[in-house]
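Before any comments, here is the structure.
Order of listing sets the numbers, starting from 1, for every ligand and every atom in it. All figures in this text were calculated on a predicted structure; none of them were measured in a lab.
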Amino acid sequence: MASSTPPLLLKKPVKLACVQLASGADKAANLQHAADKVREAAATGAKIVVLPECFNSPYGCDFFPSYAETLLPSPPTPEQSPSFHALAAMARDNNIYLIGGSIPELATDPTTQKKTYYNTSLTFSPTGDLLGTHRKIHLFDISIPNKITFKESDVLSPGNALTLIPLPDYGLVAVAICYDVRFPELATIAARRGCFALVYPGAFNTTTGPLHWRLLGQARAVDNQVYVALCSPARDMTAGYHAWGHSLVVDPMAEVLVEAGEGEAIVTAELNGERIEEARKGIPLRDQRRFDVYPDVSAAGPAGAEA
Ligand SMILES: NC(=O)CCC(=O)C(=O)O
């Protein structure tokens, strides 16, 4: 009997671009600059374009409330969320899938008027329709003496759902944000549910960036035999937070296909479903797992609230 070949997770090859964007304090200027850079990225032939974490504001707890936008009910009005409408237009005008980095989100309880803030990523289709929303699940709370202390949870609340977004032309993509990359279970669950790529808008810093950014990108790729894209803001030494930069794309064998420096840049890579299948045939982890010895983290639990 002929053995059946599994369908490719990525239906056809696609160019993905990470836009390592320089942003400042002026939101309108940031949105205009993002639109210019997304157009430039699309002109390279990229059909999936990724922006960085907090692309429309400086990154920091002091900034989240004043830059936050209301996203629900969806679609918001242009007054509630200029960034939502700017991202939708960028996707539509360039005929691309746009993984729109992240923005601070404000959710106001209609009964109590209590305000809750999230770090939220929006993904749009080439027709400008919202395909998925990810609220950062793992908040960036760290303290490394004499180096860096950061506590997103002082202001932000965590999201509670893994996000898998179907891109009709290509397949499923998993979107998570920055510190989420440190949690391998999240990536593994997304990969076992069939994504071809794990995409993380991020903003690592100059202490952990050199040690962990590339390593984590490669680790998530080699663990899961999928593509990984990490997209950072450009470094700005005049800002309060110094982003690491080094946006990159890693292939399913953990080879870094492309990596930016610290300044503004657009990096692109071709993703091909055959590469995922080759990696999985050559090193057949998927057939060798020992769920009789350890549990399958993707089998149970509440993590599955997809886009
Ligand atoms: N914005 C973030 O989540 C930063 C994460 C980070 O720098 C890390 O070391 O993790």
Side-chain angles (χ1 to χ4, degrees), residues 18-25 30 34 50-68 83 99-105 117-122 133-163 174-188 190 198-221 223 228-237 239-248 250 259-262:
C18 290
V19 178
Q20 183 161 297
L21 197 69
S23 301
N30 293 337
V50 187
L51 288 170
E53 183 177 27
C54 288
F55 78 94
N56 75 5
S57 66
Y59 178 66
C61 287
D62 292 344
F63 301 105
F64 297 137
S66 52
Y67 284 83
S83 301
I99 299 174
S102 79
I103 63 168
E105 176 192 355
Y117 297 97
Y118 299 99
N119 187 340
T120 301
S121 179
L122 302 168
T133 299
H134 178 76
R135 286 174 170 165
K136 189 174 189 174
I137 299 175
H138 305 92
L139 296 181
F140 178 43
D141 287 1
I142 68 166
S143 183
I144 304 175
N146 304 319
K147 297 282 188 188
I148 175 170
T149 296
F150 205 100
K151 199 155 181 245
E152 275 190 324
S153 67
D154 276 345
V155 177
L156 300 180
S157 294
N160 293 316
L162 171 143
T163 303
V175 176
I177 300 174
C178 204
Y179 199 61
D180 284 335
V181 75
R182 290 189 179 273
F183 297 85
E185 294 90 339
L186 187 67
T188 294
L198 302 161
V199 177
Y200 299 90
F204 266 46
N205 57 85
T206 49
T207 297
T208 60
L211 289 170
H212 299 157
W213 170 261
R214 180 190 250 255
L215 177 69
L216 285 164
Q218 289 182 292
R220 297 296 83 87
D223 283 351
V228 173
L230 307 182
C231 185
S232 171
R235 191 174 311 163
D236 174 1
M237 294 310 285
Y241 183 90
H242 302 153
W244 173 235
H246 291 266
S247 298
L248 51 81
V250 188
E259 179 170 349
E262 58 191 56

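One finds the CG atom of L51 at 9.5 Å from the CD1 atom of I99 (value rounded to the nearest 0.5 Å).
Side chains of F150 and Y59 form a contact here, defined as non-hydrogen atoms less than 4.5 Å apart. With contacts defined as side-chain heavy-atom distances shorter than 4.5 Å, the pair Y200/L216 does not qualify.
Protein residues with a heavy atom under 4.0 Å from ligand 1 are E53, Y59, K136, F140, C178, Y179, R182, A203, F204, N205, T208, Y241.
With sequence neighbours left out, the salt bridge (charged side-chain N to carboxylate O under 4.0 Å, His left out) criterion links K147 to no other residue.
When only modelled atom types and interatomic distance are considered, S102 and S121 share no side-chain donor-acceptor pair under 3.5 Å.
Note: F63 and Y241 fail the aromatic proximity criterion, with ring centroids not under 6.0 Å apart.
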